[in-house]
Amino acid sequence: LDAAMAGVRAFNMRGVNLTMPHKINVLKHMDELSEAARLIGAVNTVVRREDGSFFGENTDGKGFVRSLRDERAAIAGKSICLLGAGGAARSIGVECALAGAKAITVVNRNADRGASLAKVIAENTAADAVFVPWAGTARIPEGTDILINATCVGLAPDSDGCPDIDFDSVRPGMTACDVVFNPVDTRFLANARARGARTIDGLGMLVNQGCINFKLWTGVEAPRDVMYAKLKAEFEQ
């Protein structure tokens, strides 16, 4: 990673994307962080500014929030149940809170990570946040408006995988979202839809974070519709 970041400087690259395990380790190379990246404690997008300094951003959650807005699904004032507390979940939880979510319930098997995410949200945003241990089959809390699978369960090649939740606690009128984009229509979404929930797949988040990055690096809007159509065709094969 150190050599790669030196290469970004040497080649005057406008920026890079990073994935695990580099999202946290790259922090030491940053000269400035966005508010979201600071709260999340991880960077997935590096922008080299004109003065040569490195700006760290985390666009995963921003891409998720934009995908909900694309589908006209409101976040402000809503109660959210977030499954998972890993990198994607942290980014989504923080950005949903900054977008005006009323309350976020973090459901996670690792108690330390789940409690840590809930604490970050509660102490740094206007949203209420609580941690609920994920022991056995999880029930979705009463009053949940938006249910988010922010785990990797169901991602190919484990396409038959599904988060261990009680789908009888998923109610009509709820919006169920998945961060998994391959396959596009996951078992989680299919099961939630069968209970009357509105569903939003993970493709929008993937495309939108890429569009945000493209704009950060170039100053030009990305061709979102072209990108979305191409990715959808690839993942639906």
- Shortest non-hydrogen contact between Val180 and Gly154, atoms and distance: CG1-O, 3.8 Å
- Do Trp217 side-chain atoms and Val46 backbone N/O form a donor-acceptor pair below 3.5 Å? yes
- Item | Candidates Ile146, Asp145, Val106, Thr144 - the one meeting side chain to side chain contact (heavy atoms under 4.5 Å, CB included) with Ile80 | Ile146
- Quick one: are Val179 and Met205 in side-chain contact, heavy atoms under 4.5 Å? yes
- Quick check: does any side chain N or O of Arg113 sit under 3.5 Å from a backbone N or O of Gly86, one acting as donor and the other as acceptor? no
- Message: With side-chain contact (heavy atoms from CB on, under 4.5 Å) as the criterion, how do Ile140 and Asp166 come out once you've worked through the C-alpha distance, each side chain's angles and the decisive distance to 0.1 Å?
- Response: CA-CA 7 Å; Ile140 308 308; Asp166 179 2; over 6 Å; no
- Query: In terms of hydrophobic clustering (I, L, V, M, F, W, Y; side-chain heavy atoms under 4.5 Å; direct or indirect links), are Ile148 and Val65 co-clustered?
  - Reply: yes
- Item | Exercise: identify the closest heavy-atom pair between Asp31 and Ser53 | OD2-CA, 3.2 Å
- Before giving the answer on side-chain contact (heavy atoms from CB on, under 4.5 Å), spell out for Glu221 and Lys215 the whole-Å C-alpha distance, their side-chain angles and the decisive distance to 0.1 Å. CA-CA 5 Å; Glu221 294 291 342; Lys215 178 74 177 289; 2.8 Å; yes
- Report the distance from atom CZ of Arg72 to atom CD1 of Ile200, rounding to the nearest 0.5 Å. 11.5 Å
- Start with the C-alpha gap between Phe64 and Cys96, add the side-chain angles, then the distance that decides, and say whether side-chain contact (heavy atoms from CB on, under 4.5 Å) holds. CA-CA 9 Å; Phe64 177 84; Cys96 284; 3.8 Å; yes
- Item | Nearest-0.5 Å distance that lies between atom CD in Glu50 and atom CZ in Arg14 | 5.5 Å
- Query: Below 4.5 Å, heavy atoms only, C-beta onward: do Leu203 and Phe235 meet side chain to side chain?
  - Reply: yes
- Query: What's the spacing between Asn213 CG and Asn17 CG if we round to 0.5 Å?
  - Reply: 4.5 Å
- Which pair of non-hydrogen atoms, one from Gly84 and one from Ala89, has the smallest distance, and what is that distance? O-CB, 3.3 Å
- Task: Check whether the side chains of Ser67 and Asn208 place a donor and an acceptor atom closer than 3.5 Å, and report yes or no.
- Result: no
- Are Lys102 and Asp128 close enough for a salt bridge, meaning some N to O gap below 4.0 Å? no
- Message: Using side-chain heavy atoms (C-beta onward) and a distance below 4.5 Å, is Asp185 in contact with Asp201?
- Response: no
- Which atom of Ala99 lies closest to which atom of Arg69, heavy atoms considered: CB-NH2, 3.9 Å
- Message: Can you tell me how far apart CH2 (Trp134) and CD1 (Ile165) are? Round to the nearest 0.5 Å.
- Response: 7.0 Å
- Do Pro141 and Val132 come close enough that some side-chain heavy atom pair is under 4.5 Å? no
- Quick one: do the Asn58 and Ser34 side chains pair a donor with an acceptor below 3.5 Å? no
- Query: So, the side chain of Thr125 versus the backbone of Ile121: is there a donor-acceptor pair under 3.5 Å, distance only?
  - Reply: yes
- In this structure, CG of Asn108 is separated from CZ of Phe131 (nearest 0.5 Å) by 6.0 Å
- Message: Check whether Glu95 reaches the backbone of Ile92 with its side chain - one donor and one acceptor, N or O, closer than 3.5 Å.
- Response: no
- Output for pair (Glu142 CD, Ser169 OG), nearest 0.5 Å, gives 8.5 Å
- Answer yes or no: is there a side-chain heavy-atom contact under 4.5 Å between Leu68 and Lys78? no
- Message: For residues Val220 and Val207: do they belong to one hydrophobic cluster (side chain heavy atoms under 4.5 Å, members Ile, Leu, Val, Met, Phe, Trp, Tyr)?
- Response: no
- side-chain contact (heavy atoms from CB on, under 4.5 Å) between Glu57 and Ile212, intermediate numbers included: CA-CA 10 Å; Glu57 177 63 281; Ile212 295 168; 5.8 Å; no
- Message: Treating Asn44 as the side-chain partner and Thr59 as the backbone partner, does any N or O pair qualify as donor plus acceptor under 3.5 Å?
- Response: yes
- Message: Membership question, hydrophobic clusters at under 4.5 Å side-chain separation (ILVMFWY): are Ile24 and Val47 in the same one?
- Response: no
- How about Leu147 and Phe188: do any of their side-chain heavy atoms sit closer than 4.5 Å? yes
- Query: Arg48 side chain to Met13 main-chain N or O, any donor-acceptor pair under 3.5 Å?
  - Reply: yes
- When hydrophobic residues are tied together by side-chain contacts of less than 4.5 Å, even through go-betweens, does Met174 share a cluster with Ile75? no
- Query: Leu33 and Leu18: same hydrophobic cluster, using ILVMFWY side-chain contacts below 4.5 Å?
  - Reply: yes
- Task: Check whether any side-chain heavy atom of Met30 sits under 4.5 Å from a side-chain heavy atom of Met5, and report yes or no.
- Result: yes
- Stacked cation flag Arg224 on Phe214, 6.0 angstrom / 45 deg: no
- Between Val43 and Ala37, what is the shortest heavy-atom contact and its length? CG2-CB, 4.0 Å
- Is there a side-chain contact between Ile40 and Lys23 (heavy atoms, below 4.5 Å)? no
- Message: Quick check: closest heavy atoms across Val170 and Arg195, and the distance to 0.1 Å?
- Response: O-CB, 3.4 Å
